[in-house]
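Single-structure report; data block below.
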Amino acid sequence: MVAAASLARLGVPVVLIEAEDEPKTDWRASTFHAATLELLAELGLGDRMHAEGLVVPVYHFRDRREGLVAAFDFTLLADETPYPYRLQLNQQHLVRMLHERLRALPEVELLFGTRVTAVEQEPGGGASVTARTPDGTRVLHGAYVIGADGPGSTVRRSLGVDFHGYTYPERFLIASTSVDLAEALPGIAEVNYIADPHEWLFLLRTPESWRAVWPVPAGQSEEEATEVARLQRQLQGVAPWAAGYPIIDRQLYRVHQRVAERFRVGDIALIGDAAHINSPMGGVGLNSGIHDAVDLSRRIARIASGTSPAVAEAELAAFADVRHRVAVEYVQADTQRNTQRLRETDEERRRAAHAEMRAIAADRDRARAYMRRASLLESVRRFGVGLPPGQTAPQAPAPVH
Ligand SMILES: Cc1cc2nc3c(=O)[nH]c(=O)nc-3n(C[C@H](O)[C@H](O)[C@H](O)COP(=O)(O)OP(=O)(O)OC[C@H]3O[C@@H](n4cnc5c(N)ncnc54)[C@H](O)[C@@H]3O)c2cc1C
């Protein structure tokens with residue numbers, strides 16, 4: 001949807017094909033970082049997102065037994081971005097806003113309830129999609145196909161592109177409650193990563209609820225893991241709450257660290273979870289997918305406005321190269337490190353990780369560098385988003401929403 005909105009804004013017609021009958025409303029990602037807010041502001045979504053979201057400038061790295069280890073304050077980045085904070089807003093709200101936008105745009109045709117079954121390159125350039133529609137089968141032809149079809153991507157499989165990586169043995173459980181956890185656990189921030197060798201946690205606030213995430217051991221069944229009485233006991237173990245925790249949402253999911261071997265084959269490209277998936281520690285999965293979408297759409301728009309075949313080739317090659325590097329060198333590297341820091345069981349390594357976090361937070365320059373990475377500003381300033389091939393000058397921050 002971000003790619004479609006971005007292409008349409010740049011005057012490129014798009015057909016958006018979605019298997020579901022309606023946009024999904026399930027609770028998934030909940031954080032928007034500074035670099036992403038800059039891009040979404042350009043799409044005209046900044047005001048609405050800020051009206052509905054929570055501005056969270058500070059987050060904590062904590063230890064379940066020892067309490068606060070280090071506090072990180074994004075306002076250190078105020079001279080570099082108009083958005084020196086995390087905006088907490090559940091993903092389905094961005095989806096809703098984008099859907100409303102796309103429905104109103106004449107450049108966009110929305111085909112919901114339509115499942116892509118295969119993609120092919122056309123002999124003279126361009127690509128086609130075969131899709132199962134409610135009425136039968138349809139083949140659509142276009143100059144480019146963007147596979148934004150999630151981790152099980154049909155587009156990626158159709159291209160025969162490998163999805164290298166691994167799956168964590170533990171699954172992650174998300175339980176959401178309407179109780180204000182800041183009241184139950186005074187002193188916590190609105191986003192908290194909490195290390196523990198037995199049951200690490202992450203606690204974060206969204207406009208609707210507080211959300212707790214913890215690991216579920218490999219042997220435990222889904223029924224056991226999501227049983228309401230068990231969730232209640234676990235939340236009570238985090239912070240006693242006499243009236244009991246109303247649990248308003250629960251989900252169990254597998255977490256992977258995987259990157260597609262290639263982000264592009266000819267005129268077909270992969271973005272978002274179709275191209276890379278990662279642990280949610282740091283909240284960068286959805287964010288980096290949005291960066292892929294804007295990067296690619298800017299390039300396609302330049303190609304569509306008239307470039308030589310050689311320049312078009314260089315644009316797509318640059319997309320595939322830059323976004324693959326960001327996925328590996330930033331998104332995968334940082335989320336693996338963040339996850340390991342929380343789940344570390346070796347006492348010596350655990351202490352060393354805590355000492356490192358304390359040292360980073362205590363040193364202004366190191367804290368700043370750390371938060372530039374965490375907010376995805378560093379990768380965006382280093383590589384730009386959809387910069388013409390060969391251009392490396394850093395982009396200026398977007399204007400304030
Ligand atoms: C439970 C859960 C919690 C999460 N929490 C976080 C978090 O805290 N932070 C974070 O950053 N990320 C989180 N994520 C990940 C985040 O939600 C994803 O990174 C993000 O949704 C990726 O967007 P996408 O558009 O690439 O893929 P998706 O959101 O998966 O969208 C793909 C779309 O393609 C459609 N589709 C699939 N196959 C076809 C086909 N063959 N034909 C047509 N349509 C098709 C699907 O129906 C879907 O609508 C979470 C994910 C889950 C499941």
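Being a predicted model, the structure only gives us computed values, none of them experimental. Every number for a ligand or one of its atoms is a count from 1 in the order of the listing.
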_I need the atoms of ligand 1 closer than 4.0 Å to a non-hydrogen atom of Gly150, numbered in the order shown._
27 (O), 30 (O), 32 (C)

*Any chance the rings of Tyr193 and Phe61 have centres within less than 6.0 Å?*
no

*Would a 4.5 Å heavy-atom cut-off, applied to side chains only, mark His99 and Leu110 as touching?*
yes

*asked:* Whether Glu52 and Arg96 form a salt bridge (side-chain N of Lys/Arg under 4.0 Å from carboxylate O of Asp/Glu) is what I want to check.
replied: yes

*Tell me: protein heavy atom nearest atom 37 (C) of ligand 1, and distance?*
Asp149 O, 3.3 Å

*Does even one non-hydrogen atom of Val284 get within less than 4.0 Å of ligand 1?*
yes

_Numbering as shown, the atoms of ligand 1 that approach Glu20 to under 4.0 Å (heavy-atom distance)_ = 47 (O)

*Nearest neighbour in protein (non-hydrogen) for atom 9 (N) of ligand 1*: Ala29 CB, 3.5 Å

*Just which atoms of ligand 1 are under 4.0 Å from any heavy atom in Ile17?*
43 (C), 44 (N)

_In this structure, does ligand 1 have an atom that sits under 4.0 Å from one of the heavy atoms of Thr114?_
yes

*Judged by atom type as modelled, is there a donor-acceptor pair below 3.5 Å linking the side chain of Asn338 to the main-chain atoms of Asp334?*
yes

_Numbering as shown, the atoms of ligand 1 that approach Gly283 to under 4.0 Å (heavy-atom distance)_ = 9 (N), 11 (O)

*Are the side chain of Arg101 and the backbone of Leu43 linked by a donor-acceptor contact shorter than 3.5 Å?*
yes

*Starting from atom 40 (C) of ligand 1, find the nearest protein heavy-atom neighbour and note its residue, name and distance.*
Val116 N, 3.7 Å

*Under 6.0 Å between the ring centres of His50 and Tyr83?*
yes

*Consider ligand 1: state whether an atom of it lies below 4.0 angstrom from any non-hydrogen atom of Gly289.*
no

*asked:* Check this for me, if you would: do Glu344 and Arg351 make a salt bridge, where the nitrogen-to-carboxylate-oxygen distance has to be below 4.0 angstrom?
replied: no

_Closest protein heavy atom to atom 45 (C) of ligand 1, given as residue, atom name and distance to 0.1 Å_ = Ala19 CB, 3.8 Å

*When only distance counts, is Gly285 in polar contact with ligand 1, meaning an N/O pair under 3.5 Å?*
yes

*How about His291 and Tyr330: are their ring centres within less than 6.0 Å of each other?*
no

*Hey, would you say the Tyr59 and Phe74 ring centroids sit under 6.0 Å apart?*
yes

_Could you identify the single nearest non-hydrogen protein atom to atom 33 (C) of ligand 1 and state the distance to 0.1 Å?_
Glu18 OE1, 3.6 Å

*Does any N/O atom on Ile271 come nearer than 3.5 Å to any N/O atom on ligand 1?*
no

*Quick one: which of Gln91, His33, Arg28, Gln251 has a heavy atom closest to atom 21 (O) of ligand 1?*
Gln91

*In ligand 1, which numbered atoms sit nearer than 4.0 Å to a non-hydrogen atom of Gly272?*
26 (O)

*asked:* Out of all atoms in ligand 1, which are within 4.0 Å of some heavy atom of Thr154? Include the element for each.
replied: 41 (N)

_Before you tell me yes or no, could you show the steps for Thr335 and Gln257 under side chain to side chain donor-acceptor pair (under 3.5 Å), namely the whole-Å CA-CA distance, both residues' side-chain angles and the distance that decides it to 0.1 Å?_
CA-CA 9 Å; Thr335 54; Gln257 298 284 164; 3.3 Å; yes

*Among Asp26, Asn287, Leu286, Asp273, which one has a heavy atom closest to atom 22 (C) of ligand 1?*
Asp273

*Identity and distance of the protein heavy atom lying nearest atom 31 (O) of ligand 1*: Ala148 O, 4.2 Å

*If every non-hydrogen atom of Gly272 is compared with every non-hydrogen atom of Asp292, which pair is closest and at what distance?*
N-OD2, 3.0 Å

*For ligand 1, indicate whether the residue Thr117 contacts it via side chain, backbone, both or neither (heavy-atom separation under 4.0 Å).*
neither

_Centroid-centroid distance, Trp210 to Tyr245, less than 6.0 Å_ = no

